[in-house]
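Accompanying notes for the structure given below.
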Amino acid sequence: MESKGVSRRDFIKTVGITTALAATGTIPPVLYASERRLVTFPEKTELLLLTSSPPQLETPLKYFRELVTPNEALFVRWHLSNIPTSVDLDSWRLVIHGNVDKPISLSMDELKKFEKVGYTAVIQCAGNGRSFFEPPIFGGQWMNGAMGNVTWGGVRLKDLLKSAGIKSGSMEVAFKGLDKAALPTVPGFLKSLPLDKALEDDIIVAYEMNGSELPMLNGFPVRLVVPGWYATYWVKSLSDIEVTDKPSENFWMKTAYRIPDDPCGCVEPGGAPKKTVPINRMTTRSLLINPEDGSRLKSGQSIELMGVAFSGGYSIREVLVSIDGGMNWSPARLGKDLGRYSWIQWFYPWQPAKAGNYQVMVRATNSIGESQPLDGLWNPSGYLLNKIEKYNLIVA
Amino acid sequence: MKFIILLFISAALFFTSAALAGDQGFVKEGSKRSITLPAPNITLKEGPGRDVTSSYCRICHSLDYITTQQKFTKAKWMAVVTKMIKVYGAPISGENAKIIADYITTHYGIGG
């Protein structure tokens with residue numbers, strides 16, 4: 001047994017009890033730090049509770065057996081505690097202003113007059129997997145459930161910006177949502193993209209998730225979708241788009257959500273980077289979803305290992321599987337291809353001949369050769385996690 | 001006969017409320033959507049400094065921001081409390097900051 005992988009994963013034990021939410025309408029106290037409870041929030045199925053206000057909820061891995069993640073199972077992550085709990089589309093507007101020829105203010109009906117586009121894309125929190133870093137890092141102690149694969153529908157950001165007319169000398173586009181902090185001293189949440197990035201064809205303002213409107217907790221009525229990039233940019237309940245002629249000075253761009261300015265985005269474990277840049281594209285990852293880590297199997301019985309693989313905007317070229325702790329690797333069969341932003345399912349038939357403990361490892365490579373390191377790379381905020389995961393299957 | 005009808009009605013009621021449970025806290029009325037969030041209810045462990053910690057550290061977020069962290073040393077917790085004050089403007093005196101860091105380290109951290 002590989003002790004490190006096991007103990008890190010065991011750190012947070014899922015407590016399989018459903019809360020008495022229906023009866024009391026409150027969230028029961030956490031018993032102690034290493035437990036996770038299942039809770040039910042509005043429009044959501046039972047998710048793992050990280051924090052209740054602002055809500056941060058993680059998706060149990062079993063939902064990733066499906067190619068597309070159901071809306072009610074998608075993770076939830078807000079930063080500021082006054083999240084929008086009520087939106088009236090009659091008065092809601094999306095404004096585009098700043099360094100533009102003609103500021104515009106769009107109702108939902110007006111927004112929907114722009115050409116509709118869509119695709120399936122992985123949404124993943126920058127801190128997904130943070131709880132697996134060593135040494136540990138403050139922040140949301142996500143396991144691997146701060147991600148999902150969703151079919152998004154909406155309009156091109158580019159089309160909206162063009163209709164307002166971008167003035168020359170513009171540098172960035174900044175995005176704000178309806179969420180507000182409890183105290184005015186807390187910096188308002190804002191994300192910005194360099195202008196050339198913001199004008200890419202595939203960046204959309206989405207009003208649909210899997211063909212339905214967005215759940216309130218996932219950003220109703222619209223959110224930005226920046227496929228291939230971490231979800232920190234996918235501003236929820238988007239209401240304000242500003243074209244600017246200088247880089248943003250906002251805390252959430254200038255101080256938070258930054259990675260070491262180094263090809264690996266990493267520093268010595270526990271160290272501090274000399275220079276940082278805003279986090280951007282996702283690293284390549286692959287996970288075993290079924291059977292779950294720690295499962296017991298019967299010797300001689302055939303099963304099919306199944307999981308998902310994705311990268312920051314490039315198709316997955318290959319997924320290799322090892323069932324002997326990394327000594328031998330064989331290619332897995334890849335499932336249906338929903339495009340370069342979607343995850344792809346991988347399948348690997350296996351018939352364990354002998355009883356014993358097997359360590360399963362999975363490694364994906366994308367079309368430009370980006371893959372996964374064997375040992376984790378470390379950075380001070382716990383971002384970019386993509387080490388080769390190790391799973392233990394017990395055959396009896 | 002009456003008895004049977006009553007049973008039938010209560011069964012129907014039961015199923016209606018079960019159907020609503022999936023949408024619990026969510027209301028869609030014409031152009032309007034609203035949700036009611038479950039109230040946080042976190043009781044920190046008994047001990048000196050608990051009340052100070054509970055009252056200051058829930059101004060901007062729920063107390064599970066503390067209880068769901070991993071085990072950190074006092075120096076690390078002091079740095080977090082300082083960040084809350086310096087970066088987010090938490091209205092906490094230097095004296096209370098020390099009390100809070102002591103309390104959290106004792107009950108949710110490691111070392112003294």
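Everything numeric here is computed off the predicted structure, so don't read it as measured data. In what follows, chains carry the letters A, B, and so on, assigned in the order in which the sequence lines appear, proteins first and then strands, with residues in each chain numbered from 1.
Residue A:Leu80 does not touch chain B at all, counting heavy-atom pairs closer than 4.5 Å. Contact of B:Phe72 with chain A is made through the side chain alone, with heavy-atom distances under 4.5 Å. For B:Val27, no part lies under 4.5 angstrom from a heavy atom of chain A.
Remark: of the listed residues A:Phe133, A:Trp378, A:Tyr257, A:Tyr257 is the sole one forming a ring pair (Phe, Tyr, Trp, His ring centres under 6.0 Å) with A:Tyr383.
In this structure a side-chain-to-backbone donor-acceptor pair under 3.5 Å is missing from A:Ser105 to A:Val95. A donor-acceptor pair under 3.5 Å links the side-chain atoms of A:Thr59 to the main chain of A:Ala73, judged by distance alone.
By the 30° and 60° cut-offs, the orientation of the rings of A:His79 relative to A:Phe189 is parallel.
In this structure the side chain of A:Pro60 reaches within 4.5 angstrom of the side chain of A:Leu38, judged on heavy atoms. Taking the side chain as every heavy atom from C-beta outward, A:Leu94 and A:Glu110 never approach each other to under 4.5 Å. Annotation: side chain of A:Phe132 is in contact with side chain of A:Met143 (closest heavy-atom distance under 4.5 Å). The shortest side-chain heavy-atom distance between A:Phe138 and A:Ser381 does not fall under the 4.5 Å cut-off.
Chain B is approached within less than 4.5 Å, heavy atom to heavy atom, by A:Glu213, A:Met216, A:Leu217 from residues 210-219 of chain A, ordered by number.
Here A:Asp88 is the residue among A:Asp88, A:Leu183, A:Leu89 with the most heavy-atom pairs under 4.5 Å with chain B.
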